[in-house]
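Below is one structure; the comments refer to it alone.
Proteins get letters first, then strands, A, B, ... in listed order; numbering begins at 1 in each. These numbers were taken from a predicted model, which means no experiment stands behind them.
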Number of protein chains: 2
Amino acid sequence: MKRHVLIFGLVGGLLIATLQYTEYRFIVIEHSVEIYGALVAMLFATFGIWLGLRITRRRETIVVREVLVPASGLGAEPGSAFIPNTAKQQSLGITARELEILSLVARGLSNREIATQLFVSENTVKTHCSRAFDKLGAARRTQAVQLGKELGLLP
Amino acid sequence: MKRHVLIFGLVGGLLIATLQYTEYRFIVIEHSVEIYGALVAMLFATFGIWLGLRITRRRETIVVREVLVPASGLGAEPGSAFIPNTAKQQSLGITARELEILSLVARGLSNREIATQLFVSENTVKTHCSRAFDKLGAARRTQAVQLGKELGLLP
DNA sequence: TGCAAAATCATCCAAAAGGATGACGACATC
DNA sequence: GATGTCGTCATCCTTTTGGATGATTTTGCA
């Protein structure tokens, strides 16, 4: 991958150099600038396409998908209950309430639904969400959920 | 495919025209030809790469092999790679593309980020999302992610 | 080669979510 | 009593998401 960029820079520099050199030999021709433009455009277009082909060559993927029958546990591991990472929570300064709301977010509830369920206003939910997102470094609720799961804050 | 060639020609023509036009205004600057060359080169290189990436998108051979696995834990098992529940996916009529976008949603990406990453427009992402949500019976992306995980479609 | 499914893109509109900021009361702690 | 944290709520504004719908293109397959 890095090699390609190198080649790219090389070819670019070479072309520029060639351009500068040939300028003094053929610039006398009328409209040669346009011709230059077209030439360079063609060259780099083909090169770009080639590069695109190169770096995406590994598209021929054979995907073997194994289908498993959902016999017993669907997602829920029997016997092992979720244990929240309280240390991480504290180090991030996430309050219990914020985590509670975060877990409801993770369940796919909207702010309004969460507000109804917790008997608070939607604004309050939004505030908690904002603070939690901020502490997690998330910009969206989906991202917050993902981070929360990665950090062991959510099941 | 034909449209791409058209766009190519159009951009090319436009660039040449612009070149010709600007020539009479800035050609007085020393070494502007080189600058022109570099500019045109850059433009067409990016365009070429884009085109290359576009036309070589997605070419995978999917081999669905039905293997019955003693379904024990569908949750996060350390060391074992995630095996998507293709049966469930098919029964819900969720396409590969939709699932692909769904997995990016689950990673916490916004529609715009997904669009950028997959080289498609934001509208397309939204369409895929809508269809996937519809098939999953989800009203929100967070809910879709949760359902997707419960159904074994997402890791 | 022609059809059907899938993918792509667009527009319009409504709802949800997010950011910034201020405020107020309850409670614990110093 | 002053201070600080937490939970609560609000307003204003912007961005993101979602829904509905239609069109075009690409692709896989019979």
Exercise. State whether a side-chain donor-acceptor pair under 3.5 Å links A:Q146 with A:E150.
Key: yes
Just by distance, do the side chain of B:S130 and the backbone of B:T127 share a donor-acceptor pair under 3.5 Å? no
One should read off an interatomic distance between B:D134 CG and B:E98 CD, to the nearest 0.5 angstrom, of 9.5 Å
Rounding to 0.5 Å, atoms CD (B:E100) and OG (B:S103) come to a distance of 6.5 Å
Practice prompt. Output yes when a side-chain donor or acceptor of B:E113 lies under 3.5 Å from a complementary backbone atom of B:S110, and no otherwise.
Written response: yes
Going 5' to 3' through nucleotides 5-22 of chain D and flagging B where a protein heavy-atom sits under 4.0 Å of the base, S where only the sugar-phosphate is that close, and - otherwise, we get -SBBBBB----SSBB---
Between CD of B:E100 and P of C:dA6 the distance, given in whole Å, is 15 Å
